[in-house]
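Since the structure comes first, as structure tokens, the remarks are kept for the end.
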Amino acid sequence: MLPFVLVIDQDFFLQENHDSFIFSHYTDSNKEIICKGGFLLAENKVFKIGRLRLIDDFPLALYTSFVTKSTFPEIEKDGPDITSMFQYYRQHGFVEFGSSTCTLNVIFPTLFERDILQCSSLIPLLQVESLCRDKRSNQVLEHTVIIYRSDCFTYVI
């Protein structure tokens with residue numbers, strides 16, 4: 001089993017699911033990221049849903065979604081069982097959605113990212129940040145941060 005250790009000061013849930021690990025918790029420590037999503041209001045609780053993607057039991061990517069309770073009232077309960085955010089959106093009536101405001105960054109891993117992705121501090125990571133919006137209403141559904149190990153992929157631009 002792949003070691004997956006997180007230290008979080010909030011209630012926390014971790015679940016193993018075939019080719020991924022899933023974590024879900026309430027967060028208030030990522031406000032600068034969430035504000036980029038344009039959907040942080042004083043009354044909104046923001047939840048962080050993460051999926052660690054594995055290929056042959058090797059971690060290749062960490063997907064983190066920030067979603068609000070006002071948009072998805074059952075997110076606190078549903079979060080630990082979500083394996084696909086797009087499937088979750090469809091279950092809640094958002095059938096047409098797309099990404100906007102996408103940013104690609106090359107970063108070096110933090111200690112947490114080194115541990116979770118099993119890489120050294122000198123392995124560059126590709127970080128893709130985007131917003132997912134409902135096409136009908138233009139409502140922001142999530143702010144997504146995806147981190148890929150750059151040494152495991154061939155990129156065609």
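The chain is numbered in sequence order, starting from 1.
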Grab the two heavy atoms, one from Ile123 and one from Pro109, that are nearest each other, plus how far apart they are.
O-CD, 3.2 Å
Roughly how far, to the nearest 0.5 Å, is the SG atom of Cys119 from the CG atom of Asp151?
7.0 Å
Check: Thr110 main-chain N/O paired with Glu113 side-chain donor or acceptor under 3.5 Å:
yes
Ignoring hydrogens, what is the shortest heavy-atom contact between Arg133 and Ser100? Give both atom names and the distance.
NE-OG, 3.1 Å
If you compare all heavy atoms of Leu117 against all heavy atoms of Leu60, which two are closest, and at what distance to 0.1 Å?
CD2-C, 4.2 Å
Under 4.0 Å between a side-chain nitrogen and a carboxylate oxygen: does that hold for Arg136 and Asp134?
no
Arg51 versus Ser65, side-chain donor and acceptor atoms under 3.5 Å
yes
In terms of hydrophobic clusters joined by side-chain contacts under 4.5 Å, are Phe108 and Val106 together?
no
Would a line drawn from the ring center of Phe47 to the ring center of Phe66 be shorter than 6.0 Å?
no
Donor-acceptor pair, distance only, cut-off 3.5 Å: does the side chain of Arg149 make one with the backbone of Pro124?
no
Using every non-hydrogen atom in the two residues, find where Ile75 and Lys69 come nearest and quote the distance to one decimal.
CG2-CA, 4.0 Å
Output the distance between atom OG (Ser130) and atom CD1 (Ile146), rounded to the nearest 0.5 Å.
6.0 Å
What's the shortest heavy-atom distance between Ile82 and Met85, and which atoms?
CG2-SD, 3.5 Å
In terms of heavy-atom contacts, Leu126 and Ser150 come closest through CG-CB, 4.4 Å
Which of Tyr89, Phe72, Tyr88, Phe97 passes side-chain contact (heavy atoms from CB on, under 4.5 Å) with Glu142? It is Tyr89
Under a single-linkage definition using a 4.5 Å side-chain heavy-atom cutoff for Ile, Leu, Val, Met, Phe, Trp and Tyr, are Leu125 and Leu122 assigned to the same hydrophobic cluster?
no
